[in-house]
Amino acid sequence: MTQLLEGLNTQQQKAVQTTDGPLLILAGAGSGKTRTIITRIAYILEQRLAYPDQILAITFTNKAAGEMKERIAGMGIAGSERIWMSTFHAACARILRQFADRLGYTKRFKILDAADQKQLMKAIIKNQELNPKEYVPAKIISKISRAKNDKKSPDDLRQEAKSKEGRITAQLYARYNEELRRSDSMDFDDLILNANRLIRSDEEVRNYLQNKFKYILVDEFQDTNRPQNEFVKLIGAKNANVCVCGDEDQSIYGWRGAQVENILNFTYEWPDAQIVRLEQNYRSTSTILNCANAVIKNNKNRLNKKLWTENGESDAKLQVIDSESPITEASFIADKVSELLSRGYRYGDLAVLYRANYQSRSIENAFVNAGIPYKTIGSLNFYQRAEVKDMLSYLALIESNKDDVAFERIVNQPKRGLGPAAIEKLREFAEFKGWGLYETVQNLEDVPTLTNAQKNKFKRFRNIIETARDSSDTITGRLETLFEQSGYADYLSSEKVENGQSRLDNIRELITGAEQFDLEHPGAGLTGFLEHAALTSSTDETSEEGQVSLMTLHSAKGLEYPVVFMTGMVEDVFPSGLSISEGNEEEERRLCYVGITRAMEELYLCSYQTRFAGRDYYSCEPSRFINELPEELVEFKNYDRFGGLSDGEKRPTFRSGLGFNKEMLLENGQVGDKRSAGLKTGDLVFHKNFGKGVVTQYRSKKDMAVVVFPENGVKTMKGSYLTKL
DNA sequence: AGCTAGCATCTTTTT
DNA sequence: GATGCTAGCT
């Protein structure tokens, strides 16, 4: 009857064929979940249960959506490009573009990304004459986000406020919302909330959408938040063909408001729901899988699912490698990469995972030195780079004269003599009139306080935008005009700008990207392109064949690699001290579980004894997760930069708890003479008492060097005590 | 008024 | 080690 089911196990087949009514797929790591979902969609289409555009499939990232679309198209299914396959945010944006006028927005409403939000909040805080150190924009934004997702209005927040700080937060929340309204903008949360509001309040839209979407699928359901769950309930209410798929053990976005309850309560909210469990793992060796199981079973809040595999017990035990410092850890990984290559692995088979982005630095240094090609995934989103965002802000002003965030970003970038004083005068008048800042520039003659010189400068700025608007109908054409006319091209070409060339390259890439977007999305226009830029995340960049992938554990979700390195496996780094102090040990452990289950064949867990943070050194204890691994499945080794690997007989020992700081080290040193050693990171040096060492930090101004001595540990001293080797 | 250099500060994860 | 802010300079 159908060939689609071939090669699927019984449970997977059941998941595919259960098309009618609500369905919960509990899918463990590596259990063939994606394949099952894809087959399910193909099956629905093949059985003619729905047209492609009657299927709404939600994925966690745009990249996942793109890959799924491709795979379905590759199965020879007609019309697969018409499936609504995207993130929640993109799907809601698409709906809102169609009906935004019913909520009092225009169809060209702007979507604020995180940087925009922060900038806006900063401006509001300043405008309210509050101290931005006391009221940290990023923190206020996250409080507002939490309030929004809990359905709390500024008034609610004010009423429950117990402190001055709480009342001010409520007040900032109110101002923030007003400002979004005024500028025809929505933040990420608004996209979901407004879609829900629209569906709930507008009967016509509700009927249209509920009838349209015959089948709804949601992947990574454990990472959905409350409004997202509500969106699913609203859209799926009529046909009830709602299939959600997830793994409570991989819920790692609690800090962003995701609630595991969505998946745990699914069968209560959809009483007829059937449940399919996918527990057979096809990805990892049994060694790796057993380690993953051993770690995650320390969590209490879970459904006690246990993954199993028919994959052989591998000879490769997990390797726990203890070394001196992050630098040494990095050189171990570089060494190991070469070895893995000689064993037949390719660069693309390898991934280095870490808890926080800053940890990539030491790895990148080591890889550059060793000539290992790598790609960092997710750290800096292309569209978030300063120069790219600047050009997008110019475009945004063509799109809307109410976009103050964009205006403030680029009105004096590059410098054109329009400083805070001139802008302040403009703002006062804009506020008085209820206009946007650029709107005010379009009506400059009315502003009495500006000097003629200032007016002329603003006029020149206006010319740039208006010229670009008229110069072309294509995004590419307008971008090129803006880039030249704004002076940005000259600015980046000038000698004094740092990284001018690579920033020019970024702009060129942006222009090429815009061209491609135009081709692939005819009719999307400037609005579509700006939306694309706002919703395209950093993890949407793909790993590449000839490069080792570097990324955070969060970014690694959903991916797999033959060989995986988990770095910084020490207390306070992973698990993150901050997260632990907030009581989130279980989420950190799930993150560890996600990391371990990315590995197919070999897994290396790296710890170190000292790290440098801020201006202090800390001695590090091995991560608690290392201690949760079954002894018999793990090999413990030590690595040092000179002697290489040696057997460690036991787990890395717990080291004395307290760190020591630079002041303490300085007190113990003598003041050396002034002759500069001219050291740099990576230099080999000799010290008369400590022997050979490697420079890991050097401050030329103070002639202070941080040196790792293999025999004597990490020391900080005047460079003048050292001889370069 | 605007710009620049130099100092301080802080690094969790992201649609 | 990048970003933000302040003080002092033009």
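Bear in mind that the values here come from a model prediction, so they are computed numbers and not experimental data. The chains referred to below are lettered A, B, ... by the order of the sequence lines, with proteins before strands, and numbering in each begins at 1.
- At a cut-off of 3.5 Å, with distance as the only test, a side-chain donor of A:Gln117 or A:Tyr176 sits close to an acceptor on the other residue.
- A straight line from CG of A:Asn62 to P of B:dT15 spans 8 Å, rounded to a whole angstrom.
- At a threshold of 4.5 Å between non-hydrogen side-chain atoms, the residues A:Ile144 and A:Met121 count as touching.
- Considering only side-chain N and O atoms, A:Arg361 lies under 4.0 angstrom from the phosphate OP1 or OP2 of C:dG1.
- Residue-nucleotide stacking is not present for A:Trp255 and B:dT12, judged by a side-chain ring centre under 5.5 Å from the six-membered base ring centre and planes under 30° apart.
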Could you write out each protein N or O paired with an N or O of nucleotides 6-10 of chain C at a distance under 3.5 Å?
none

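- Atom pair A:Leu191:CG and B:dT15:C1' shows a separation of 9 Å (rounding to whole Å applied).
- Comparing A:Lys425 and A:Ala356 by the nucleotide of DNA chain B that holds the closest heavy atom to each, the one mapping nearer the 5' end is A:Lys425.
- Rounded to an integer number of Å, the gap from CG of A:Leu353 to C1' of B:dT13 is 13 Å.
- With 3.5 Å as the limit, one finds a donor-acceptor pair spanning the side chains of A:Glu364 and A:Tyr374.
- The nearest whole Å value for the distance from the CG atom in A:Leu112 to the C1' atom in B:dT14 is 16 Å.
- Of the listed nucleotides (B:dT11, C:dG4, B:dT15), C:dG4 has the atom at the smallest distance from the side chain of A:Lys122.
- Within the 4.0 angstrom heavy-atom criterion, no nucleotide atom of any strand lies near A:Asp189.
- One can place CZ of A:Phe60 at 14 Å from P of B:dT13, the figure rounded to the nearest angstrom.
- Computed from coordinates, the A:His554 NE2 to B:dT14 P distance equals 7 Å when rounded to whole Å.
- Nucleic acid contact for A:Ala422: sugar-phosphate only, since backbone atoms but no base atoms lie under 4.0 Å from a heavy atom of the residue.
- Look at A:Asn584 and you won't find any side-chain N or O under 4.0 angstrom from OP1 or OP2 of B:dT12.
- A:Asp113 comes within contact range of no nucleotide atom at all, as no heavy-atom separation falls under 4.0 Å.
- Listed nucleotides: B:dT11, B:dT14, B:dC3. Nearest to the side chain of A:Tyr358: B:dT11.
- Judged as a side-chain contact (heavy atoms from CB on, under 4.5 Å), and not counting sequence neighbours, the contacts of A:Asp404 are A:Glu179, A:Arg182, A:Leu437.
- Every residue two or more places apart in sequence or in another chain that forms a salt bridge (Lys or Arg N to Asp or Glu O under 4.0 Å) with A:Lys143 is listed here: A:Glu165.
- Taking the side chain of A:Phe188 as heavy atoms from C-beta on, and the options B:dT14, B:dC3, B:dT15, the nearest nucleotide is B:dT15.
- Remark: the A:Asn506 side chain and the A:Glu387 side chain contain an N/O donor-acceptor pair separated by less than 3.5 Å.
- Among the protein residues, A:Phe88 comes within range of no part of the nucleic acid, since none of its heavy atoms lies under 4.0 Å from any strand.
- Residues meeting the side-chain contact (heavy atoms from CB on, under 4.5 Å) test with A:Arg108, sequence neighbours left out: A:Thr106, A:Glu399, A:Thr527.
- Considering only side-chain N and O atoms, A:Asn412 lies nowhere under 4.0 angstrom from the phosphate OP1 or OP2 of B:dG2.
- Side-chain polar atoms of A:His554 and A:Tyr253 form no donor-acceptor pair below 3.5 angstrom.
- A:Lys425 has its side chain out of reach of A:Val447: every pair of non-hydrogen atoms, C-beta onward, lies at least 4.5 Å apart.
- For A:Asp505, the salt bridge (Lys or Arg N to Asp or Glu O under 4.0 Å) partners are A:Arg508, not counting sequence neighbours.
- Counting to the nearest Å, the P atom of C:dC5 and the CD atom of A:Glu134 are 15 Å from each other.
- Taking every heavy atom of residues 575-583 of chain A and every atom of DNA chain B, pairs under 4.0 Å involve A:Leu578, A:Glu582, by number.
- As a whole-Å value, the separation of A:Tyr383 OH from B:dT14 P is 19 Å.
- Taking side-chain N and O atoms only, A:Thr552 has a distance below 4.0 Å to OP1 or OP2 of B:dT14.
- For the pair A:Asn299 and A:Asn301, the minimum side-chain heavy-atom distance is 4.5 Å or more.
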